Structure formats: structure tokens, C-alpha cells
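Here is the structure we will look at, set down as C-alpha cells.
These figures come from a predicted structure and were not determined experimentally.
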Protein chains: 2
Amino acid sequence: MVTECMAGRGAKCAVCPGRQSGLCAELPKALLARVAEASRIVECPANHRLWDEDVQPGFTAILWRGYLRMPRYSLEGRRQIVSIICPGEIVGEGVDTRPGYGMEAVTAVTFCRFERGEFRRLADREPELRRALLRQHMKRLEVLRWLTWSLGLQTPEERLCAFLARACETMPYQPLPDGSGILSLEVPRADVADLLGTTKETISRLTHRLQQIGLIEIRDPRHFRIFDRERLAKVGGLSPARPNSSERPGIAAVRRGLGASEGAAQRAARAALSGPSLPMSLPGGSAAVASS
Amino acid sequence: MVTECMAGRGAKCAVCPGRQSGLCAELPKALLARVAEASRIVECPANHRLWDEDVQPGFTAILWRGYLRMPRYSLEGRRQIVSIICPGEIVGEGVDTRPGYGMEAVTAVTFCRFERGEFRRLADREPELRRALLRQHMKRLEVLRWLTWSLGLQTPEERLCAFLARACETMPYQPLPDGSGILSLEVPRADVADLLGTTKETISRLTHRLQQIGLIEIRDPRHFRIFDRERLAKVGGLSPARPNSSERPGIAAVRRGLGASEGAAQRAARAALSGPSLPMSLPGGSAAVASS
DNA sequence: CGATTAATTGACCGACTTCAAGACATGTGG
DNA sequence: CCACATGTCTTGAAGTCGGTCAATTAATCG
């Protein structure tokens with residue numbers, strides 16, 4: 001199942017797609033070399049289980065390519081995906097060592113593998129690495145908080161919009177001259193559903209609804225044409241107003257924009273109006289205010 | 001609003017209720033003294049806002065007494081509480097510095113306050129503190145993951161049971177000779193509702209339903225008599241996680257035993273029947289299997 | 001190609017939200 | 001001590017979103 005690829009030690013990072021994002025992007029070159037030295041490259045196919053929910057992972061990894069999911073099951077056998085790990089992110093070190101959650105490859109993946117304790121030993125010696133690690137933890141926590149918030153008080157429709165908007169930053173997205181772009185959804189419907197706390201049926205219905213109202217176009221189940229990313233993000237409650245997003249945003253930009261929604265005062269004012277409607281309800285037919 | 005209490009430096013930890021739990025419990029005495037030296041004690045009343053959602057907190061704190069909540073609002077003004085902080089926990093350092101989330105006192109609180117950077121400087125010098133801090137982060141992440149999972153695929157009823165079971169560990173709980181005990185719910189209904197992603201009405205209805213079936217008894221809105229913690233935990237689905245020892249007594253026991261009422265095996269069997277029912281649905285009227 | 005899996009679409013219905021009003025406690029001032 | 005206000009909690013009735021079940025179509029792969 002697991003193939004080890006013995007690329008030349010030095011060449012590793014040069015060809016790593018994750019080099020520019022996530023943890024590695026934050027490290028100075030000398031340190032990066034030392035980190036690379038301690039690891040080896042591994043790849044495994046889609047749906048491979050990196051570790052089971054009741055087993056402590058014996059290693060740490062930095063994801064090169066592909067996507068991981070972190071599921072937890074209910075007693076009835078239903079599944080909630082607690083996070084999707086994207087290229088450049090680190091897994092297993094400190095954050096993911098609690099039982100109850102497995103780790104599986106959504107797609108075929110390639111990653112840098114550090115044996116047990118290796119990474120921690122490095123971090124103990126290198127303050128720079130430690131700080132980068134802490135920032136990674138914060139990002140993970142941040143994303144998880146967003147998901148919690150979203151599951152708590154957004155509709156599936158809003159969640160899907162938010163998901164798609166973020167996918168434009170974290171998954172293959174090819175901009176077209178007219179401002180739209182093609183998003184390759186690397187994650188199957190079922191996984192999206194289980195991440196967003198809904199069902200595949202609902203996901204299907206919603207994507208088609210978004211198509212009806214002209215937000216997206218479904219070319220095939222895995223490829224959407226996105227017409228208006230900002231509007232998607234807005235419906236998804238990500239960030240009402242983005243200051244100056246230069247093109248080619250990069251992951252960091254999303255994360256930053258994520259929390260910076262609006263001031264407390266503004267929010268309080270709106271709440272005081274007692275208007276219970278969605279800020280940008282979709283014509284399609286979600287609750288919205290409609291009647292009155 | 002904020003009262004500073006100038007207790008004698010040395011005496012601080014001796015009288016701190018949080019001394020035995022959370023971060024401080026993990027530190028060696030000498031280090032603890034150094035940590036205490038760097039802080040001062042502050043208290044503030046219920047509903048005081050420690051910081052706003054769009055403001056970076058200028059300090060770090062270890063909670064002595066009382067409870068904090070971490071809310072995030074939707075655009076319509078609805079609120080999701082992303083975490084409840086209990087005595088002994090640390091806030092503001094690294095984990096809570098992202099915008100979008102405020103921090104408010106649920107009850108009157110007392111805490112150890114470290115000025116900006118003070119704590120981080122300490123952690124940079126003290127590996128022990130760093131490790132303890134990391135463990136704290138993991139716990140926070142763990143709880144948040146549980147909440148995410150719960151919001152994703154538990155019913156409000158199950159969530160409430162889980163919440164009550166955990167409250168028996170984190171809030172004043174007085175055991176009675178007959179095996180039951182009195183739980184003082186320090187958190188108002190509205191906060192519980194916003195934590196569990198439901199409404200105060202539903203919380204009210206559910207507590208009364210739990211009373212009807214004899215799981216709890218409502219003495220007054222803030223005090224419940226808990227008859228069977230294990231069963232509560234089970235209904236709440238709290239078993240899969242935390243085989244980790246060294247936890248406070250009680251919750252670890254959930255995994256064993258479970259009495260004659262119903263075992264996991266039985267439940268699994270039911271699930272296998274493709275019965276879509278709740279694992280321990282209550283007579284009150286939740287789904288149940290019924291038809292077939 | 002047939003066979004298996006993924007995605008779609010439709011019909012049904014029930015748990016929860018919403019809206020609204022009443023009960024209950026607590027506090028304030030006259 | 002009562003009247004009144006305020007806030008928390010409770011209870012009822014109605015409406016609906018989204019889950020479940022089921023059946024069809026599309027994609028994928030030996």
C-alpha cells in the first residue's frame with residue numbers, strides 16, 4: 001500500500017508542491033534542510049488509512065500533495081469529518097495524537113514522514129521550528145472553530161458556499177479571462193457532506209440550486225465553474241468586505257479574512273433591528289424572509 | 001469593572017482553587033513560583049467582556065474561579081459559543097489571539113493575569129512550561145473536536161446529555177450517599193443553548209424530558225439532581241474518546257460496565273438492523289424506530 | 001460491455017425552530 | 001408591603017428545513 005520513494009535527499013524540497021505554503025514556507029532555508037534530512041518521502045493511494053481512531057500515530061508528516069480527512073464516527077455508524085488537511089499542513093505532531101479520530105487519504109497523497117519523536121526532538125532544539133509549529137496549531141484551531149460555528153448556526157446552503165469559496169484557495173482553481181474560474185473538487189460528495197454535517201442528497205440539491213441562481217455551473221460532478229467567488233464567500237459568511245485582496249491570494253489570505261468579519265458595534269446595531277433575515281438570502285428558496 | 005486584588009505574592013497559589021487542575025497542576029513547584037511571580041490577580045463580574053472579537057487580547061490569563069465563554073456571532077446576530085473555559089485553563093496565549101471571537105465572563109471570575117508577552121517569554125525559557133502549554137492546547141483542541149462532531153451528528157438531546165455528564169466533572173457537583181448527586185449548573189440556559197447549537201426553548205423541553213424519564217430531577221433551574229451519570233454519558237456518546245488515564249475519576253469508568261440496561265454491542269446490533277433510530281431514544285417522542 | 005459505485009431526483013414526514021404568551025423569580029422604588 | 005419592571009425559564013401551537021427512504025440516471029472500472 002505504502003510506497004516509499006527514495007528521492008535524493010537534497011532534491012526533496014525543490015520538487016515539493018507544498019514548499020511554498022504551510023509550515024515549510026515559514027522556515028529559513030538552513031532549517032528547512034535539516035528538517036528535510038530527518039524525513040523520508042512516502043506516498044499512498046486514495047482511501048488508505050494512515051492510522052485508526054484508537055491508535056496513536058507513530059509518526060508525523062507534512063503533506064506534499066493530496067488531501068487527508070480526519071473522521072470520527074457515531075455509534076450508529078454515521079461519520080463526521082472534523083478536518084480536511086491540505087498540502088503544506090502538518091499532521092500527527094501533538095495535535096492529532098488523541099484517540100477517537102482516524103486519518104485517511106481522500107485522494108492519493110504524498111508526504112514527508114518523520115519517525116516517532118524525530119520531529120519533536122527537532123522542535124525542541126529549534127525555536128524557529130517551534131514557532132512555526134505553534135502557528136500551524138493556531139491555524140488548525142481556527143479552521144475548527146469556524147466549522148463549529150458554522151455547524152452551530154449556518155444553514156447547509158451557507159456552509160456549502162463557504163466551503164466552495166475556500167476550496168478556490170485550497171484546491172486546483174483555474175481562473176478564466178472573464179473573471180470566473182474552474183474549480184476542481186478533489187473531494188467526493190460524501191466527504192463534503194460529512195464535513196458540513198449534512199447528507200450527499202442535500203449537497204446535490206444545493207449545488208444544483210446554486211447553479212440555478214447563477215452562482216456556479218456544474219460541468220461535471222467534480223468540476224464547477226465559479227462565477228463570483230466574493231459573493232460565494234459573502235453568502236457563506238466568510239468575510240463581508242475584503243480590504244484589498246490582490247489576485248493569486250494564497251492560503252494565508254483566506255485564513256486571515258476568515259475571522260475578520262465585522263465590528264461588534266455594527267453587529268449589535270444590526271441585531272437591534274431584529275431583522276431575522278439572512279444577509280444575502282438566495283432567491284432559490286431557502287428560508288429567507290419572503291413572507292411578511 | 002475590573003478589580004485588582006493585591007494578595008501577597010507567595011500566598012497566591014496556596015489559595016487558588018485552580019491550583020490542582022489544569023495547567024498549574026502540571027508544573028513543578030519551583031516553576032510554579034516563577035510563574036506566579038509574573039502575574040497578578042484580577043477579578044471581574046459576570047458578563048464582563050475580557051476582549052472583543054475584533055481586538056487582540058493584550059494579556060494571557062489562567063482562570064482561578066468562574067467560567068468564561070468564547071462567542072462568535074453570525075451576521076443575523078445569532079450566537080455560537082465555541083468554548084466554555086473552566087477553572088485551571090489558560091486563555092489568550094497563542095490559542096485565542098485570533099480575531100472573530102470574543103471572551104466574556106459567564107459568572108464572576110477571578111484569574112491570574114500576565115501582561116502581553118510575559119507568558120510567552122517565560123515559556124521560551126522553560127521547557128516544562130512549554131510542554132504543559134502544549135498539553136493544554138491539545139485539550140482545547142480535543143474539546144472543540146468533540147463539539148464539532150457533536151454538532152455534526154448528534155441530536156440536541158444527546159448533546160445535552162453529554163454536556164450534563166461533563167458538567168459533573170467541571171462544575172460544582174455534590175455526591176449524595178445514594179449514588180446520585182446535585183449538580184450546580186453555573187451556566188445559564190441561553191449559554192448552554194448557544195454552546196450546543198440549539199435554543200433555550202429546546203433546552204428547557206429536553207431537561208424536562210430527561211426528568212420525565214428519571215435521568216435527572218430539576219430542583220430549580222440551576223440545580224439538577226443527577227441519578228445516573230454513566231447513563232447520561234452513554235446517551236451523550238462520550239465513550240469513544242479518552243482512554244487517557246490520570247483524568248479525574250468518573251469519566252474513564254464510562255467505557256467499562258454500562259450495567260444491564262444496554263450495551264454497546266446491543267446498540268451496534270440495532271444499528272446493523274438499519275434501524276435509523278437514536279441509540280437510546282427517549283420515550284418522550286424522539287424518532288425511535290417504531291415502524292418497520 | 002455488464003457490474004458496481006457515485007450522483008441525482010422525488011415524496012414524505014418528523015424534530016426542531018420560531019413565534020407568542022404565560023409563570024416565576026428578583027430587584028427597585030414609592 | 002405592594003406595584004412594577006426586568007430577566008430567566010417554561011409551555012403551547014404552527015410551520016418548515018432537511019433527513020430518510022427509494023428509485024432512477026450517470027459515471028467508473030474490471
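Checking the phosphate oxygens (OP1, OP2) of dA6(C), no side-chain nitrogen or oxygen of Arg222(A) falls inside 4.0 Å. The shortest distance between the side-chain N/O atoms of Arg78(A) and the OP1/OP2 oxygens of dG19(D) is not below 4.0 Å.
Residues that satisfy the side-chain contact (heavy atoms from CB on, under 4.5 Å) test with Asp191(A), not counting sequence neighbours, are Arg69(A), Arg79(A), Ile81(A), Val106(A), Val187(A), Pro188(A). Residues satisfying the salt bridge (Lys or Arg N to Asp or Glu O under 4.0 Å) test with Asp96(B), not counting sequence neighbours, are Arg145(A), Arg140(B). Scanning for salt bridge (Lys or Arg N to Asp or Glu O under 4.0 Å) contacts around Asp52(A) gives Arg49(A), with sequence neighbours left out. In this structure Glu201(B) satisfies the side-chain contact (heavy atoms from CB on, under 4.5 Å) test together with Thr199(B), Arg205(B), sequence neighbours excluded. Evaluation of the side chain to side chain donor-acceptor pair (under 3.5 Å) rule for Gln154(B) yields Ser150(B) as partners, not counting sequence neighbours. Under the side-chain contact (heavy atoms from CB on, under 4.5 Å) criterion, Ser180(B) pairs with Leu176(B), Asp178(B), Arg225(B), Phe227(B), sequence neighbours left out. The side chain to side chain donor-acceptor pair (under 3.5 Å) search around Ser184(B) returns His223(B), not counting sequence neighbours.
Taking only side-chain atoms of His208(A), from C-beta outward, the nucleotide of dC16(C), dT8(C), dC9(D) with the closest atom is dT8(C). Which of dC9(D), dT10(D), dT8(C) sits closest to the side chain of Ser204(B) comes down to dT10(D).
Between the CG atom of Leu206(B) and the C1' atom of dT11(D) there is a distance of 14 Å, rounded to whole Å. One atom, CD of Glu76(B), and another, C1' of dT17(C), lie 13 Å apart when rounded to the nearest Å. The CD atom of Glu158(B) sits 13 Å away from the P atom of dA15(C) (whole-angstrom rounding). Atom-to-atom, CD of Glu157(B) to P of dT17(C) comes out at 13 Å; the value is rounded to the nearest Å. The CG-P distance, from Leu160(B) to dC9(D), rounds to 13 Å in whole Å. In this structure, Leu151(A) atom CG and dG19(D) atom C1' are separated by 15 Å, rounded to whole Å. Put simply, CZ on Arg189(B) is 15 Å from P on dC24(C), counting in whole angstrom units. The separation between Arg219(A) atom CZ and dA26(D) atom P is 19 Å, rounded to whole Å.
When the shell of 6.0 Å around CD of Glu217(A) is examined, it contains more than 12 heavy atoms from other residues, nucleotides or ligands.
Between the side chain of Arg205(A) and the base of dG10(C) there is at least one donor-acceptor pair of N/O atoms closer than 3.5 Å.
The residue among Pro221(A) and Pro156(A) whose nearest nucleotide of DNA chain D lies closer to the 5′ end is Pro156(A).
Between Phe163(A) and Cys161(A), the closest side-chain pair of non-hydrogen atoms is not below 4.5 Å.
One axis for each end of the helix from dC1(C)-dG30(D) to dG30(C)-dC1(D), each built from five base pairs, and the angle between them comes to 40° at 10° resolution.
Near DNA chain D, meaning a heavy atom under 4.0 Å away, the residues from residues 196-203 of chain A are Gly197(A), Thr198(A), Thr199(A), Glu201(A), Thr202(A).
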